[in-house]
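For reference, the structure discussed in these notes is given below.
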Amino acid sequence: MIQTIEWINNKVVMIDQTRLPTEEVYREYDNYKDVAQAIKNMVIRGAPAIGVAAAMGIALGAQSISANSYEEFSTKMKEILEEMAKTRPTAVNLFWAIEEMRRCAEAHRHLPIPQLKEVLKNRALQIRDEDIQINRILGKYGAQLIKSGDTILTHCNAGALATAGYGTALGVIRAAYEEGKQIHVFVDETRPFLQGSRLTAWELAKENIPLTLITDNMAGYFMRKGKINLIIVGADRIAANGDVANKIGTYSLAVLAKEHGIPFYVAAPISTLDLSIRSGDQIPIEERNPQEVTQIAGKQIAPEAIQVANPAFDVTPHEYITAIITEKGIAWPPYEESLAKLAR
Ligand code: MRU
(Lines give C-alpha, C1' and ligand atoms only; values in the text may rest on other atoms or scores of the structure.)
Protein backbone atom coordinates (compact mmCIF):
# COMPACT_ATOMS: atom_id res chain seq x y z
CA MET A 1 0.00 0.00 0.00
CA ILE A 2 1.15 3.57 -0.71
CA GLN A 3 2.62 5.20 2.43
CA THR A 4 1.42 8.79 2.31
CA ILE A 5 2.91 9.91 5.60
CA GLU A 6 5.03 8.27 8.28
CA TRP A 7 6.88 9.02 11.49
CA ILE A 8 10.44 7.70 11.27
CA ASN A 9 13.20 8.44 13.82
CA ASN A 10 11.45 11.56 15.09
CA LYS A 11 10.96 12.89 11.59
CA VAL A 12 7.79 13.24 9.55
CA VAL A 13 8.29 11.59 6.17
CA MET A 14 5.91 12.08 3.26
CA ILE A 15 5.80 11.29 -0.43
CA ASP A 16 6.06 14.56 -2.37
CA GLN A 17 2.75 14.73 -4.25
CA THR A 18 3.90 17.69 -6.33
CA ARG A 19 6.45 15.41 -8.03
CA LEU A 20 4.15 12.51 -8.87
CA PRO A 21 3.65 10.68 -11.17
CA THR A 22 7.07 11.13 -12.79
CA GLU A 23 9.16 10.93 -9.60
CA GLU A 24 8.64 9.14 -6.29
CA VAL A 25 10.45 11.47 -3.91
CA TYR A 26 10.14 11.24 -0.12
CA ARG A 27 10.58 14.38 2.01
CA GLU A 28 11.78 14.33 5.61
CA TYR A 29 10.81 17.05 8.04
CA ASP A 30 12.36 17.59 11.45
CA ASN A 31 10.45 20.75 12.42
CA TYR A 32 6.80 21.72 12.45
CA LYS A 33 7.22 24.91 10.42
CA ASP A 34 8.40 22.88 7.44
CA VAL A 35 5.45 20.50 7.84
CA ALA A 36 3.13 23.53 7.79
CA GLN A 37 4.86 24.73 4.62
CA ALA A 38 4.49 21.26 3.05
CA ILE A 39 0.72 21.42 3.66
CA LYS A 40 0.55 24.93 2.12
CA ASN A 41 2.60 23.89 -0.91
CA MET A 42 0.58 20.69 -1.36
CA VAL A 43 3.49 18.31 -0.92
CA ILE A 44 0.70 16.60 1.03
CA ARG A 45 -2.95 17.38 0.26
CA GLY A 46 -6.43 15.91 0.50
CA ALA A 47 -8.59 16.61 3.54
CA PRO A 48 -7.83 13.56 5.76
CA ALA A 49 -4.11 13.60 4.82
CA ILE A 50 -3.90 17.28 5.75
CA GLY A 51 -5.41 16.40 9.15
CA VAL A 52 -2.89 13.62 9.73
CA ALA A 53 0.00 15.85 8.60
CA ALA A 54 -1.12 18.60 10.97
CA ALA A 55 -1.34 16.13 13.89
CA MET A 56 2.14 14.80 13.13
CA GLY A 57 3.52 18.30 12.61
CA ILE A 58 2.11 19.35 15.98
CA ALA A 59 3.60 16.26 17.64
CA LEU A 60 6.93 17.08 16.00
CA GLY A 61 6.76 20.67 17.23
CA ALA A 62 5.88 19.44 20.74
CA GLN A 63 9.05 17.30 20.86
CA SER A 64 11.25 20.39 20.58
CA ILE A 65 9.49 22.47 23.25
CA SER A 66 11.64 23.19 26.28
CA ALA A 67 9.44 24.05 29.23
CA ASN A 68 9.53 23.67 33.00
CA SER A 69 5.79 23.71 33.56
CA TYR A 70 2.63 22.78 31.69
CA GLU A 71 1.72 26.49 31.45
CA GLU A 72 4.98 27.21 29.65
CA PHE A 73 4.52 24.14 27.45
CA SER A 74 0.97 25.12 26.60
CA THR A 75 1.96 28.68 25.55
CA LYS A 76 4.45 27.23 23.07
CA MET A 77 1.95 24.59 21.91
CA LYS A 78 -0.50 27.40 21.14
CA GLU A 79 1.99 28.95 18.70
CA ILE A 80 2.35 25.61 16.92
CA LEU A 81 -1.41 25.08 16.73
CA GLU A 82 -1.91 28.58 15.33
CA GLU A 83 0.74 28.07 12.66
CA MET A 84 -0.94 24.83 11.54
CA ALA A 85 -4.36 26.50 11.44
CA LYS A 86 -3.04 29.06 8.94
CA THR A 87 -2.04 26.48 6.31
CA ARG A 88 -5.25 25.80 4.37
CA PRO A 89 -8.75 27.06 5.21
CA THR A 90 -11.29 24.72 3.61
CA ALA A 91 -10.68 21.13 4.75
CA VAL A 92 -12.20 20.88 8.21
CA ASN A 93 -10.13 17.78 8.99
CA LEU A 94 -7.21 20.15 9.59
CA PHE A 95 -9.07 21.96 12.36
CA TRP A 96 -10.44 18.69 13.70
CA ALA A 97 -6.88 17.31 14.05
CA ILE A 98 -5.58 20.53 15.64
CA GLU A 99 -8.40 20.38 18.21
CA GLU A 100 -7.70 16.69 18.90
CA MET A 101 -4.04 17.48 19.62
CA ARG A 102 -4.93 20.47 21.81
CA ARG A 103 -7.43 18.37 23.78
CA CYS A 104 -4.89 15.56 24.13
CA ALA A 105 -2.30 17.93 25.64
CA GLU A 106 -4.89 19.40 27.98
CA ALA A 107 -6.13 15.98 29.12
CA HIS A 108 -2.55 14.95 30.04
CA ARG A 109 -1.42 18.22 31.59
CA HIS A 110 -0.57 16.49 34.87
CA LEU A 111 2.17 14.36 33.21
CA PRO A 112 5.86 15.23 33.32
CA ILE A 113 6.78 17.07 30.08
CA PRO A 114 8.78 14.18 28.48
CA GLN A 115 5.82 11.83 28.96
CA LEU A 116 3.40 14.43 27.65
CA LYS A 117 5.48 14.69 24.47
CA GLU A 118 5.34 10.91 24.07
CA VAL A 119 1.56 10.91 24.52
CA LEU A 120 1.19 13.58 21.83
CA LYS A 121 3.34 11.64 19.41
CA ASN A 122 1.28 8.50 20.06
CA ARG A 123 -1.99 10.38 19.54
CA ALA A 124 -0.75 11.64 16.15
CA LEU A 125 0.20 8.10 15.13
CA GLN A 126 -3.18 6.86 16.33
CA ILE A 127 -4.96 9.49 14.19
CA ARG A 128 -2.95 8.20 11.22
CA ASP A 129 -3.76 4.52 11.93
CA GLU A 130 -7.43 5.23 12.61
CA ASP A 131 -7.73 7.06 9.31
CA ILE A 132 -6.70 3.94 7.39
CA GLN A 133 -9.19 1.78 9.34
CA ILE A 134 -11.96 4.32 8.80
CA ASN A 135 -11.35 4.29 5.05
CA ARG A 136 -11.52 0.51 4.90
CA ILE A 137 -14.86 0.46 6.74
CA LEU A 138 -16.22 3.33 4.65
CA GLY A 139 -15.01 1.53 1.52
CA LYS A 140 -17.03 -1.57 2.41
CA TYR A 141 -20.20 0.45 2.98
CA GLY A 142 -19.74 2.29 -0.29
CA ALA A 143 -18.97 -0.86 -2.28
CA GLN A 144 -22.57 -1.96 -1.65
CA LEU A 145 -23.62 0.82 -4.01
CA ILE A 146 -21.46 -0.49 -6.85
CA LYS A 147 -22.35 -3.44 -9.03
CA SER A 148 -20.24 -5.43 -11.43
CA GLY A 149 -20.13 -3.73 -14.81
CA ASP A 150 -20.36 -0.19 -13.42
CA THR A 151 -18.38 2.68 -14.88
CA ILE A 152 -17.59 5.22 -12.18
CA LEU A 153 -16.51 8.81 -12.63
CA THR A 154 -14.31 10.44 -9.97
CA HIS A 155 -12.85 13.91 -9.62
CA CYS A 156 -9.62 15.10 -8.01
CA ASN A 157 -7.81 12.58 -5.80
CA ALA A 158 -9.67 11.11 -2.85
CA GLY A 159 -7.35 8.13 -2.71
CA ALA A 160 -4.58 6.70 -0.57
CA LEU A 161 -2.56 9.86 -1.22
CA ALA A 162 -5.35 12.12 0.08
CA THR A 163 -5.59 10.12 3.31
CA ALA A 164 -3.22 8.13 5.50
CA GLY A 165 -3.92 5.25 3.09
CA TYR A 166 -6.62 3.44 1.08
CA GLY A 167 -8.72 6.53 0.37
CA THR A 168 -12.34 7.65 0.65
CA ALA A 169 -13.89 7.83 -2.85
CA LEU A 170 -11.06 5.65 -4.16
CA GLY A 171 -11.44 3.50 -1.04
CA VAL A 172 -14.97 2.68 -2.18
CA ILE A 173 -13.67 1.92 -5.67
CA ARG A 174 -10.81 -0.19 -4.23
CA ALA A 175 -13.23 -2.13 -2.02
CA ALA A 176 -15.54 -2.88 -4.96
CA TYR A 177 -12.54 -4.02 -7.00
CA GLU A 178 -11.25 -6.19 -4.13
CA GLU A 179 -14.71 -7.80 -3.97
CA GLY A 180 -14.12 -8.91 -7.54
CA LYS A 181 -16.55 -6.51 -9.20
CA GLN A 182 -15.76 -5.66 -12.81
CA ILE A 183 -15.52 -1.89 -12.76
CA HIS A 184 -14.06 0.85 -14.91
CA VAL A 185 -13.08 4.28 -13.60
CA PHE A 186 -13.28 7.53 -15.56
CA VAL A 187 -10.74 9.91 -14.03
CA ASP A 188 -11.21 13.66 -14.41
CA GLU A 189 -7.89 15.35 -15.01
CA THR A 190 -8.85 18.04 -12.43
CA ARG A 191 -7.42 21.34 -13.53
CA PRO A 192 -5.62 23.37 -12.38
CA PHE A 193 -3.51 21.21 -10.05
CA LEU A 194 -4.15 17.95 -11.96
CA GLN A 195 -4.75 15.71 -8.94
CA GLY A 196 -6.79 13.42 -11.21
CA SER A 197 -4.24 12.82 -13.95
CA ARG A 198 -1.17 12.98 -11.73
CA LEU A 199 -2.39 11.17 -8.60
CA THR A 200 -5.65 9.25 -9.13
CA ALA A 201 -4.55 7.79 -12.47
CA TRP A 202 -1.21 6.86 -10.87
CA GLU A 203 -2.88 5.11 -7.92
CA LEU A 204 -5.36 3.18 -10.05
CA ALA A 205 -2.76 2.16 -12.63
CA LYS A 206 -0.49 0.90 -9.83
CA GLU A 207 -3.23 -1.51 -8.78
CA ASN A 208 -4.37 -2.44 -12.27
CA ILE A 209 -7.84 -1.00 -11.74
CA PRO A 210 -9.11 -0.25 -15.27
CA LEU A 211 -9.30 3.48 -15.98
CA THR A 212 -9.82 6.08 -18.66
CA LEU A 213 -8.35 9.55 -18.14
CA ILE A 214 -10.43 12.45 -19.47
CA THR A 215 -10.13 16.22 -19.28
CA ASP A 216 -12.71 17.90 -17.05
CA ASN A 217 -14.74 19.31 -19.94
CA MET A 218 -15.37 15.80 -21.35
CA ALA A 219 -17.48 14.60 -18.41
CA GLY A 220 -20.82 15.81 -19.81
CA TYR A 221 -20.10 14.20 -23.17
CA PHE A 222 -19.57 10.79 -21.59
CA MET A 223 -22.61 11.15 -19.31
CA ARG A 224 -24.84 11.93 -22.30
CA LYS A 225 -23.40 8.94 -24.13
CA GLY A 226 -24.50 6.72 -21.21
CA LYS A 227 -20.93 5.78 -20.35
CA ILE A 228 -21.10 6.75 -16.67
CA ASN A 229 -23.26 4.80 -14.16
CA LEU A 230 -22.32 6.65 -11.04
CA ILE A 231 -20.07 9.37 -9.66
CA ILE A 232 -18.10 9.22 -6.40
CA VAL A 233 -16.08 12.09 -4.99
CA GLY A 234 -14.49 12.96 -1.65
CA ALA A 235 -15.17 16.02 0.50
CA ASP A 236 -13.26 18.75 2.29
CA ARG A 237 -16.10 19.88 4.51
CA ILE A 238 -19.74 18.84 4.85
CA ALA A 239 -22.24 21.24 6.43
CA ALA A 240 -25.10 20.11 8.70
CA ASN A 241 -27.58 20.29 5.79
CA GLY A 242 -25.40 18.01 3.60
CA ASP A 243 -23.87 20.72 1.38
CA VAL A 244 -20.41 19.53 0.36
CA ALA A 245 -17.23 21.50 -0.33
CA ASN A 246 -14.89 19.57 -2.59
CA LYS A 247 -12.41 20.24 -5.38
CA ILE A 248 -13.41 22.93 -7.84
CA GLY A 249 -15.46 21.33 -10.61
CA THR A 250 -17.38 18.99 -8.31
CA TYR A 251 -20.49 21.20 -8.44
CA SER A 252 -20.60 21.17 -12.25
CA LEU A 253 -20.38 17.37 -12.21
CA ALA A 254 -23.23 17.10 -9.71
CA VAL A 255 -25.49 19.34 -11.80
CA LEU A 256 -24.68 17.29 -14.93
CA ALA A 257 -25.31 14.07 -13.00
CA LYS A 258 -28.78 15.24 -11.96
CA GLU A 259 -29.62 16.21 -15.55
CA HIS A 260 -28.61 12.72 -16.72
CA GLY A 261 -30.16 10.79 -13.82
CA ILE A 262 -26.78 9.53 -12.60
CA PRO A 263 -26.34 8.86 -8.84
CA PHE A 264 -23.84 11.27 -7.24
CA TYR A 265 -22.16 9.95 -4.08
CA VAL A 266 -19.81 11.63 -1.63
CA ALA A 267 -17.45 9.50 0.51
CA ALA A 268 -15.92 11.08 3.61
CA PRO A 269 -15.05 10.26 7.22
CA ILE A 270 -17.13 11.69 10.07
CA SER A 271 -14.21 14.07 10.80
CA THR A 272 -15.12 15.88 7.56
CA LEU A 273 -18.54 16.84 8.97
CA ASP A 274 -18.82 20.37 10.28
CA LEU A 275 -22.14 20.34 12.07
CA SER A 276 -21.39 23.77 13.52
CA ILE A 277 -22.34 25.31 10.18
CA ARG A 278 -25.85 25.08 8.81
CA SER A 279 -25.08 25.30 5.11
CA GLY A 280 -22.25 25.30 2.60
CA ASP A 281 -22.48 29.10 2.28
CA GLN A 282 -20.46 29.32 5.48
CA ILE A 283 -17.55 27.23 4.20
CA PRO A 284 -14.40 29.31 3.56
CA ILE A 285 -13.11 28.70 0.03
CA GLU A 286 -9.35 28.84 -0.48
CA GLU A 287 -8.10 31.06 -3.29
CA ARG A 288 -4.76 29.76 -4.56
CA ASN A 289 -1.86 31.17 -6.51
CA PRO A 290 -2.85 32.36 -10.05
CA GLN A 291 0.23 30.60 -11.41
CA GLU A 292 -1.55 27.28 -10.93
CA VAL A 293 -3.87 28.47 -13.72
CA THR A 294 -1.46 30.38 -15.94
CA GLN A 295 1.23 27.70 -15.92
CA ILE A 296 1.46 23.94 -16.31
CA ALA A 297 4.58 22.31 -14.87
CA GLY A 298 6.33 25.69 -14.85
CA LYS A 299 5.44 26.44 -18.49
CA GLN A 300 3.46 29.62 -19.14
CA ILE A 301 0.19 28.82 -20.96
CA ALA A 302 -1.54 32.23 -20.69
CA PRO A 303 -0.48 35.84 -21.22
CA GLU A 304 1.47 37.39 -18.33
CA ALA A 305 -0.19 39.97 -16.06
CA ILE A 306 -3.83 39.11 -16.69
CA GLN A 307 -6.56 38.75 -14.09
CA VAL A 308 -6.97 35.15 -12.94
CA ALA A 309 -9.36 33.47 -10.50
CA ASN A 310 -8.32 30.28 -8.75
CA PRO A 311 -10.83 29.09 -6.16
CA ALA A 312 -9.60 25.65 -5.08
CA PHE A 313 -13.02 24.32 -4.02
CA ASP A 314 -16.71 24.73 -4.73
CA VAL A 315 -19.83 23.83 -2.80
CA THR A 316 -22.31 21.28 -4.09
CA PRO A 317 -25.78 21.89 -2.63
CA HIS A 318 -27.21 18.85 -0.84
CA GLU A 319 -30.09 18.44 -3.30
CA TYR A 320 -27.61 17.20 -5.90
CA ILE A 321 -26.15 14.53 -3.61
CA THR A 322 -27.68 11.05 -3.71
CA ALA A 323 -26.00 9.79 -0.52
CA ILE A 324 -23.01 10.45 1.74
CA ILE A 325 -20.89 7.41 2.61
CA THR A 326 -19.13 7.46 6.00
CA GLU A 327 -17.47 4.91 8.29
CA LYS A 328 -20.63 4.90 10.42
CA GLY A 329 -22.85 4.01 7.49
CA ILE A 330 -24.53 5.68 4.53
CA ALA A 331 -26.44 8.93 5.07
CA TRP A 332 -29.47 9.51 2.81
CA PRO A 333 -31.54 12.69 2.56
CA PRO A 334 -32.76 14.50 4.55
CA TYR A 335 -29.16 15.03 5.67
CA GLU A 336 -29.90 17.23 8.68
CA GLU A 337 -31.30 14.13 10.33
CA SER A 338 -29.15 11.37 8.86
CA LEU A 339 -25.80 13.14 9.36
CA ALA A 340 -26.63 14.22 12.91
CA LYS A 341 -27.57 10.63 13.72
CA LEU A 342 -24.34 9.19 12.29
CA ALA A 343 -22.21 11.80 14.06
CA ARG A 344 -23.62 10.91 17.50
O1 MRU B 1 -6.62 20.83 -2.95
P2 MRU B 1 -6.62 19.39 -2.54
O3 MRU B 1 -5.86 18.49 -3.45
O4 MRU B 1 -6.22 19.23 -1.08
O5 MRU B 1 -8.14 18.97 -2.65
C6 MRU B 1 -8.51 17.66 -2.35
C7 MRU B 1 -9.94 17.36 -2.58
O8 MRU B 1 -10.73 18.20 -2.95
C9 MRU B 1 -10.39 15.97 -2.24
O10 MRU B 1 -11.42 15.55 -3.07
C11 MRU B 1 -10.89 15.95 -0.79
O12 MRU B 1 -9.92 16.51 0.06
C13 MRU B 1 -11.21 14.60 -0.33
S14 MRU B 1 -9.78 13.63 -0.09
C15 MRU B 1 -10.16 12.14 0.58
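Atoms within a ligand are numbered from 1 in the order they appear, just like the ligands themselves.
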Paired with Asn93, the side-chain hydrogen bond (donor to acceptor under 3.5 Å, both in side chains) test is passed by just one of Asp236, Thr163, Asp131, Thr272, namely Thr272
Close approach of Pro48 to ligand 1, heavy atoms, under 4.0 angstrom: yes
Please list all pairs meeting side-chain hydrogen bond (donor to acceptor under 3.5 Å, both in side chains) that have one or both residues in residues 187-196, counting only residues at least two apart or in different chains. His155-Asp188
Tyr26 reachable from Val43 in the ILVMFWY side-chain graph, under 4.5 Å edges: no
Dump the intermediate steps for side chain to side chain donor-acceptor pair (under 3.5 Å) on Arg123 and Gln126, then the final yes or no. CA-CA 5 Å; Arg123 179 65 189 124; Gln126 192 184 29; 2.7 Å; yes
Starting from atom 11 (C) of ligand 1, what is the nearest protein heavy atom, named by residue and atom, and what distance separates them? Asp236 OD1, 3.2 Å
Under-4.0 Å salt bridge between Glu82 and Lys78: yes
Can you find a pair of side-chain heavy atoms, one from Met218 and one from Phe222, that are under 4.5 Å apart? yes
Ala158 heavy atoms within 4.0 Å reach ligand 1 at atoms 14 (S), 15 (C)
Answer with yes or no whether Asn246 contacts ligand 1, where contact means a heavy atom under 4.0 Å from a ligand atom. yes
Examine ligand 1 and decide if any of its atoms is less than 4.0 Å from a heavy atom belonging to Phe193. no
Heavy-atom side-chain contact between Ile5 and Met56 under 4.5 Å: yes
May I ask whether Arg88 has any heavy atom positioned less than 4.0 angstrom from an atom of ligand 1? yes
Among Ala235, Ala91, Gly159, closest by heavy atom to atom 13 (C) of ligand 1 is Ala235
List every atom of ligand 1 that sits less than 4.0 Å from any heavy atom of Lys247, numbering the atoms from 1 in the order shown and giving each element. 1 (O), 2 (P), 5 (O), 8 (O)
Nitrogen or oxygen atoms of Thr163 and ligand 1 under 3.5 Å apart: no
So, does Met42 sit close enough to ligand 1 that a heavy atom of it is under 4.0 Å from the ligand? yes
What atoms in ligand 1 come closer than 4.0 Å to a heavy atom of Ala162? 14 (S), 15 (C)
Between Glu203 and Arg174, does any side-chain N to carboxylate O distance fall below 4.0 Å? yes
Purely on distance, is any nitrogen or oxygen of Thr168 under 3.5 Å from one on ligand 1? no
What's the verdict on side chain to side chain donor-acceptor pair (under 3.5 Å) for Tyr70 and Glu106, showing C-alpha distance, side-chain angles and the deciding distance? CA-CA 9 Å; Tyr70 179 75; Glu106 203 49 42; 2.9 Å; yes
Is there any N or O on Ala47 that sits under 3.5 Å from an N or O of ligand 1? yes
Cation-pi between Arg288 and Phe313: NZ/CZ under 6.0 Å from ring centre and within 45° of the ring axis? no
Report the part of Cys156 (side chain from C-beta onward, or backbone N, CA, C, O) that has a heavy atom under 4.0 Å from ligand 1; answer both or neither where that applies. side chain
If you count the atoms of ligand 1 from 1 in the order shown, which ones are under 4.0 Å from a heavy atom of Gly46? 4 (O), 6 (C), 12 (O)
Number the atoms of ligand 1 from 1 as they appear, then name those within less than 4.0 Å of a heavy atom of Gln195, with their elements. 1 (O), 2 (P), 3 (O)
